[in-house]
Structures are given as structure tokens and as C-alpha cells.
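The structure under discussion appears below in the form of C-alpha cells.
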Amino acid sequence: MMAVNIERFVSEGKGNGVRALLSIKPGEVIYSCEPFAFCIAKDFLKTTCQSCFKRGESLSRCSQCKTARYCSVQCQKQAWLDHKRECKCLQRLQPRIPTDSVRLVARIIFKLLSQSKSDQEELYSIAEHQSHLDVMSEEKKEGLRHLCTTLQVYLGEENCNLSELPSGLDPISLLARVTCNCFSISDGELQDLGVGLYPSMSLLNHDCRPNCVMIFEGKRLTLRAVKVIRPCEELTISYTDVLAPSEERRSRLQEQYHFLCQCARCTAEDKDCDMLAGETTAWTSLRDALPHLEQLQSEQHWEELLKESQALLLRYADVIPDRNIYVLRLLDLAMDACISLDHYETALEYGNRALGPYKLYFSDPHPSRAVELLRVGKLQHYLGRLKEAHGSFTQAYDIMKVTHGTEHALTNEVSRKLGECQAELGEV
Ligand SMILES: [Zn+2]
Ligand SMILES: [Zn+2]
Ligand SMILES: [Zn+2]
């Protein structure tokens, strides 16, 4: 889709940016595009179609590299052009699979080498992306050099024509560009399944209270407004999880994107007091315990995760309130474990506790709150609490009309659930 209501401009103190030409309403689609290049995250290679991002346990695999998976012959055919040269690289390295950034950069290189000048109609090209190599710490540069060595081994004989790459786009600067310009491609549950480069969207600057949100359907990215945007106003997205106090957000942004966030929320330390409510010594030790629990979650050790998270919830019950973001993260982990172990009553209890804080922190329409409401709604529905479920689905739907639009598969799912609740309520 060509951009008709936006233009590129130089944003004061931030470099390139995008602004509105006309007034834009919440829920309006501003831009929609397919990635220039993308790849599936390593952990999801076995269960995700490499063309349409459909999930499944029984996808068919590429007979040559045995790594790429597809949900249909049609998807496999469609993906072949992007996969052809990568397939040879994967075969050579077997059984090793390089990290996501290496595989993504290889795909970018193949695309750049095969591309004619005429297929570029982007607002912003890869050549213009910043690499930030000049401000990068020696330690980070060392990491990039290491990745670069892996990339060259991975490319192997496909390596020979790297000299034909556009000037300035050598492998190391491409790796650097990818770390600060690509986006995680997430599914309806906001699980990150892959990474992609959407060159025009890299122009968007960050704000901790953005006026736009990015939503994916498969690997297609759609940018929507979540607030009223006036003509000439800058469009912003959030590069980082907003469920974090300003100091944490700022240091993450500095580390990955090399800038100090000066947004209104950071400057005012907005909601930091709520996010860090409770006894400091208690929440710091809780915060330090979270990475271990997240590890248990990613390894799907549900029994252990539930036991440990319940012990922590009990220990801190009287000294840290639920609106403290570390308790909030803990509630989400405990809820996940409960759902996986079929403890639906307890899962709902944790879900209900999380909803208040979610409302506090996501005052603008936000996919995270919609997904939380949907999860709680499904539990209420399953447990026969129809009125409550109807309320949760209605709230989720109202947010998703804005963040996802009425055509999105997830909005349709909520709409279907809402219909079921209504029908069942009618029968009672
Ligand atoms: Zn597919
Ligand atoms: Zn293959
Ligand atoms: Zn900020």
C-alpha cells in the first residue's frame, strides 16, 4: 500500500521521522506492507509455516534442508524464491542453525543481490538505515564481528559475489542495521514468532506513549492510529515493552537503539510510583527472580513454574500490591502455568487480579490489554460465568476495533465468542 496520508520529515532532535499530512482517527489504517526480508525465530522453526506463519505440529518440511516448514504446497512454492539460496546454506551447516539475525541478514543479502532498482518504492531504503556502528561499545562490536564470521561460514560458496552489494552495505553494517531496525513479528497471542525488516516502518520514531500501533497478520504489518493525530503531528510507535518503569525503558532503548528517550512519559516519570509500589527490598528481589521463572516458562516446565510463582505471590502478598509491574509479570506467569495445567479457577483468579493494573497502564487502546481481556474472557466462558465473559469480550472487542480492525482474524474470534455468550445468555 502506498502512503497517502503520511510523509517523511526531519524530526527535531530525532533525525528522520514520519508525520501526518491529514488528520487521522483512532483505528484508521495508516500503512500496510509485506517485509523486505524476514525469518522465523529459531525456537519456532519446527512449528511455523515459513510462508504464511500458520502454526502447527505436522507441517511438511523442505526435503533438502529439512529445516524450513510449510503448511501447504502452495506456501512452499511461494516461499521458494526467498528460500532457494538459503536452503543450500542451511544444508551445509547441518545440524547447526545460525541465530535469527544471521539468517535474516543472509536473506537480505540474497534479496539485495537479486533485486532490480525498480522494485523500490519505499519511503526509506536499507542503505539509509542507521547502523550506529560509530557509537557502539567495543564489546558490542566484538559481538557483531563474531556474528559476521558465522554469517560468512553460513553463506559459504554463496559468498562469492558479496562485492556486488550496494556500497556501504557490507555484512557487518547490515548486521548492525538489523539489530536496531528490524521488528519482531508476533502472532495473535503476541508471541514473537520471527523477525522482519520493513524499511519504511523503520522511519517511525519511538514514544513510550505512542499514537500508533503495529499489528501483524501472518508477516504482513499494518500500522494503525490509536489516538487522534493532527496534521503535521509526528507518528510514533513503542520500540520496547511499556510495562516497565522509565529507568528500565530508557536503559533498554539506549542499549539497543542508541538514544536517550525524552518522551513526555519518561520526562515526567509517569506512573513510576505505581509500577514500583510496595517495599523496595521486596520488589527488587522479586524482580531478580523473574528471569529464572521466564526460563521455566519458555521451557514449559509448568509444575515447577506454578509452584515457584505461587510461593512468591504468597510471600509478597502483604508488602507489594498487584499494580507493581513485577507482581503483574508474576501474575501472568502463574496464569500461564495454571492454564497449561488445566487449573482454570486459579488461572481466572490471577487473570482478574491483573486486569485492574492493565487498565491503569494501558489507558490508550493497546493489543496487550485486549489479549489479556480475551484470555480472562475465555476462562470465564469456560467456567460458565457468562455475564462476566460477555463483559470481558465486549471490552476486548472495543479495543481491537481500534488496534486490529474489524477484519483481523483475532477480532473475528472475539466477535464469535461474543455471539456465543449472547446466545447462551438468551437460553438461560
Ligand atoms: Zn502456510
Ligand atoms: Zn530447504
Ligand atoms: Zn520514553
Side-chain angles (χ1 to χ4, degrees), residues 11 13-14 17 34-35 38-40 42 44-98 103 106-107 110 154-156 158 185 187-188 193-194 196 204-212 216-220 234-272 275 325 361-364 366 409:
S11 175
K14 298 195 227 169
E34 294 286 331
F38 71 96
C39 77
I40 307 272
K42 212 168 172 176
F44 294 97
L45 277 169
K46 284 204 170 95
T47 53
T48 312
C49 172
Q50 205 170 120
S51 180
C52 70
F53 277 64
K54 197 184 269 176
R55 305 289 313 279
E57 295 297 329
S58 53
L59 301 169
S60 60
R61 61 181 189 180
C62 171
S63 60
Q64 294 169 54
C65 65
K66 299 182 174 56
T67 306
R69 313 267 163 155
Y70 302 99
C71 73
S72 66
V73 176
Q74 197 193 1
C75 274
Q76 182 158 17
K77 276 189 185 152
Q78 256 169 25
W80 182 243
L81 199 64
D82 287 331
H83 179 58
K84 200 168 118 191
R85 297 182 73 176
E86 167 192 69
C87 187
K88 290 204 191 92
C89 302
L90 287 165
Q91 286 175 56
R92 198 178 31 252
L93 242 65
Q94 252 164 19
R96 279 186 300 143
I97 296 171
R103 282 181 294 117
R107 283 181 153 221
F110 298 147
Y154 178 57
L155 288 171
E158 303 291 312
I185 302 174
D187 67 1
L193 301 179
L204 292 162
N205 284 314
H206 163 90
D207 193 290
C208 296
R209 193 179 171 186
N211 53 21
C212 295
F216 293 90
E217 212 160 2
K219 57 186 187 293
R220 184 170 194 87
E234 173 156 22
L235 307 187
T236 53
I237 52 169
S238 178
Y239 294 175
T240 184
D241 187 0
V242 291
L243 269 192
S246 50
E247 199 184 301
E248 206 176 305
R249 296 195 306 270
R250 277 181 156 176
S251 71
R252 268 194 240 145
L253 292 165
Q254 185 70 261
E255 169 68 21
Q256 194 179 350
Y257 303 97
H258 309 282
F259 71 93
L260 176 70
C261 190
Q262 308 272 21
C263 80
R265 275 199 66 196
C266 282
T267 317
E269 299 180 357
D270 176 44
K271 299 207 173 75
D272 279 8
M275 289 190 172
I325 47 155
Y361 299 130
F362 296 106
S363 43
D364 300 319
H366 194 284

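Both ligands and their constituent atoms are indexed starting at 1 by order of listing.
The aromatic rings of H206 and F259 sit tilted, their planes meeting at an angle between 30° and 60°. In this structure, H366 and F362 have tilted ring planes: the angle between them lies in the 30° to 60° band.
Here the Zn ion (ligand 1) is the vertex; the SG atom in C71 and the SG atom in C52 give an angle of 110° (to 10°). Seen from the Zn ion (ligand 1), atom SG of C49 and atom SG of C75 lie 110° apart in angle, a value rounded to 10°.
A 4.5 Å side-chain heavy-atom check between Y361 and L243 finds at least one atom pair inside the cut-off. When side chains are defined from C-beta on, F110 does not count as touching L81, because their heavy atoms never get closer than 4.5 Å.
Inside a sphere of radius 2.8 Å centred on the Zn ion (ligand 3), the protein N/O/S atoms present are C208 SG, C261 SG, C263 SG, C266 SG. Among protein atoms, those of element N, O or S found less than 2.8 Å away from the Zn ion (ligand 2) are C62 SG, C65 SG, H83 NE2, C87 SG.
Atom CZ of R69 is separated from atom CZ of R61 by 5.5 Å, given to the nearest 0.5 angstrom.
Atom CD of Q91 sits in a crowded spot, with more than 12 heavy atoms from other residues, nucleotides or ligands closer than 6.0 Å.
Here the two rings, on F53 and F38, have centers that are under 6.0 Å apart.
Geometrically, R103 does not engage Y154 in a cation-pi contact defined by less than 6.0 Å to the ring centre and at most 45° from the axis.
Across all their heavy atoms, R250 and T267 have their closest contact at NH2-N, 4.3 Å. The two atoms that bring C266 and S246 nearest to each other are CA-CB, 4.1 Å, heavy atoms only.
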